[in-house]
Amino acid sequence: MIERVRFAPSPTGPLHIGGVRTALFNYLYAKKNKGVFVLRIEDTDQKRKVDSSEEYIFESLEWAGINPDESIKNPGKYGPYRQSERQDIYKKYIEELLDKKGAYYAFDKAEDLSIAREKAEKETGAFKYNYANRNQFDNSLKISEKECQERINSGEEYTIRLLVEPNVEIISEDEIRKTVRVNSNELEDKVLVKGDGTPTYHLANVIDDHCMEITTVIRGEEWLPSLPIHTLLYNLYGWEKPKFVHLPLILNPSGKGKLSKRDGDKNGYPVFPIAWGEEFEGYREKGFLASAHLNYIAQLGWSPKVEDEIMTINEIISAFDFNEIQKGGARFDYDKAKWVNQQHIQRLSTEEIETIVSAKVTELKDNYNKDLISKISTLIQERVVLLNDIPGLCEMFLIPPKAYDEKGMKKIKKVDLTSLINEIKTIINAHDLEDLKEEISNFCIENEIGMGVVMQTLRMAVVGSLSGPDIIKVIKVIGKMTTLDRLELLKKTV
Ligand code: GLU
């Protein structure tokens, strides 16, 4: 049997990290099992549809490199892959359900339902349209078939609801939570077909999973409460159920509550893979490598038994195993995400980092110099956390410091800075840069001054602060003349 999985987003806005993780886990499972990864657009709720989201979903998945095998863009034989185009398919199955008496017509007016809802919420805290109160409402269970047909023929608006029999134990299986038992009294007679004749999520989702021969449903835990409804539908149709895997929630860093757009806004991290409009940056724009983003989100709720948690997509695929997915929510940690990114950047090949550096830094792009790019890339690679750090890290090689770090200046000003700078300039002028360190050391011994202060002065002149990569290496990249100029500049500030 060929494993077929699907990612089934609703195009109601951008994909959240949770959505990307669901897509990723589907992709991983498909690849691991040499199966097929389907992308189905669940646009049954046309009112909530946001036009640009479909394209956004494709662009996000493409950036992440988790491309579907079947979708609206590359259809297989199970199409259409957009629910709004599958109405004819649904019609047949709606009829079947009504014939089987698994569903009934409900003629209730929206106002009547909201009055009932308000009253129930006041009295019991919740409203459920089900076995306990369905005879108080206006539905086909209370009238003859003839009357029902007449009302339909006269054009009266109706919905179709699932007929949930009372007091039945509904048993569902989930790969992570194992057997999930729910008494049917807790359920609602869910609306399966809306007033406009189109199916709701529950019905369309189950019919599509069946018709598309989906073998494993992998989705977020927020869909677990829908599982008994789906189980009932499978039972009514007499269809074989797919395997279900409900992934743990992604919690905000405090562990209290789901990770939301608001958390991201408040704490300065993206919750979307790529930018959504002008307003929201994505991981791509923040300077994350797609490989690192995937590596991090793969481990939100999954703890692989591996020695090195920094993994390529192929390593992730081969390690992937549902048995290592946790039940409890996974806490999001932006610092960890950045660390993972840094690790991935450190593992880029020379060629890869050089390509990125030359693309990110205008001066290097415009005056292409392979040797310079290569030297700079080697020196900064281990310091890059986000790709957007690159222009800043390259500045020291391209322009004199814009300012000198105040604390550092206080430290080096303990000596006569003007004469020390003159001495350093003399050493640099007189020797090859290859011997610079040794010459400085000799000078320090002869004049009985600490090597530290000399090196710090040199560093301050060249990069404007007392931290950064090996200063001798930086000087070798920028050359003698530039170093001398920068020493002179520092001297002028004294
Ligand atoms: N359309 C649902 C969503 O937006 C899909 C849920 C499922 O995978 O069954 O997440």
Side-chain angles (χ1 to χ4, degrees), residues 3-30 35-58 60-61 66 68 70-72 78 80-86 90 162 172-177 180 190-192 194 198-234 239 241-250 258-261 271-273 276 297 301 322 325:
E3 280 280 1
R4 290 177 56 82
V5 295
R6 85 320 189 255
F7 175 49
S10 299
T12 51
L15 269 187
H16 179 265
I17 289 184
V20 183
R21 188 194 53 175
T22 301
L24 173 64
F25 280 29
N26 275 285
Y27 174 84
L28 295 174
Y29 187 71
V36 178
F37 172 41
V38 177
L39 173 66
R40 182 173 71 225
I41 300 292
E42 298 211 322
D43 57 349
T44 51
D45 194 347
Q46 289 283 319
K47 280 193 216 105
R48 288 183 60 223
K49 188 170 167 194
V50 176
D51 279 337
S52 50
S53 20
E54 231 177 66
E55 254 326 295
Y56 179 93
I57 291 165
F58 277 95
S60 300
L61 297 185
I66 44 180
E70 290 174 22
S71 74
I72 48 172
Y78 297 87
Y81 290 83
R82 198 186 270 118
Q83 288 187 325
S84 55
E85 292 162 20
R86 297 176 62 81
Y90 303 135
L162 177 68
S172 316
E173 294 296 329
D174 175 76
E175 295 298 300
I176 296 169
R177 283 164 185 76
V180 181
K190 284 276 184 211
V191 172
L192 299 178
K194 290 175 279 189
T198 63
T200 55
Y201 155 74
H202 299 290
L203 186 64
N205 185 273
V206 167
I207 293 175
D208 288 346
D209 283 344
H210 170 73
C211 293
M212 293 183 170
E213 295 185 25
I214 298 302
T215 52
T216 304
V217 168
I218 305 169
R219 61 187 173 192
E221 186 182 313
E222 61 274 27
W223 299 102
L224 194 60
S226 303
L227 185 58
I229 297 284
H230 297 178
T231 302
L232 276 182
L233 284 169
Y234 279 101
W239 292 337
K241 298 177 197 68
K243 262 194 288 191
F244 287 97
V245 183
H246 288 87
L247 305 173
L249 292 176
I250 301 181
K258 272 169 70 171
L259 180 69
S260 69
K261 199 161 71 183
V271 294
F272 303 130
W276 175 249
I297 60 172
F322 286 148
I325 294 179

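Counting convention: from 1, in listed order, for ligands and their atoms alike. Position 1 is the first residue of the sequence; numbering continues from there.
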**side-chain contact (heavy atoms from CB on, under 4.5 Å) involving Lys49 - partner list, sequence neighbours excluded** = Pro11, Asp43, Gln46, Asp51

**Prompt:** Parallel, tilted or perpendicular: which describes the rings of Trp239 and His210, with under 30° parallel and over 60° perpendicular?
**Reply:** parallel

**Fill in**
The side-chain hydrogen bond (donor to acceptor under 3.5 Å, both in side chains) partners of Ser260 (sequence neighbours excluded) come to Asp263

**Complete:** Across all chains, not counting sequence neighbours, the side-chain hydrogen bond (donor to acceptor under 3.5 Å, both in side chains) partners of Thr198 are Asp196

Can you give me a line-by-line list of nitrogen or oxygen pairs between ligand 1 and the protein shorter than 3.5 Å?
residue	atom	partner	partner atom	Å
ligand 1	1 (N)	Ala8	O	2.8
ligand 1	1 (N)	Ser10	OG	2.9
ligand 1	1 (N)	Glu42	OE1	2.6
ligand 1	4 (O)	Ser10	N	3.3
ligand 1	4 (O)	Ser10	OG	3.0
ligand 1	8 (O)	Arg6	NH1	2.7
ligand 1	8 (O)	Arg6	NH2	3.4
ligand 1	9 (O)	Arg6	NH2	3.0
ligand 1	9 (O)	Tyr201	OH	2.8
ligand 1	9 (O)	Asn205	ND2	3.0
ligand 1	9 (O)	Arg219	NH1	2.8
ligand 1	10 (O)	Trp223	NE1	3.4

**Message:** Distance check, rounded to the nearest 0.5 Å: Arg6 atom CZ versus Thr22 atom OG1?
**Reply:** 9.5 Å

**Prompt:** Would you say Ser172 and Arg177 make side-chain contact, with heavy atoms under 4.5 Å?
**Reply:** no

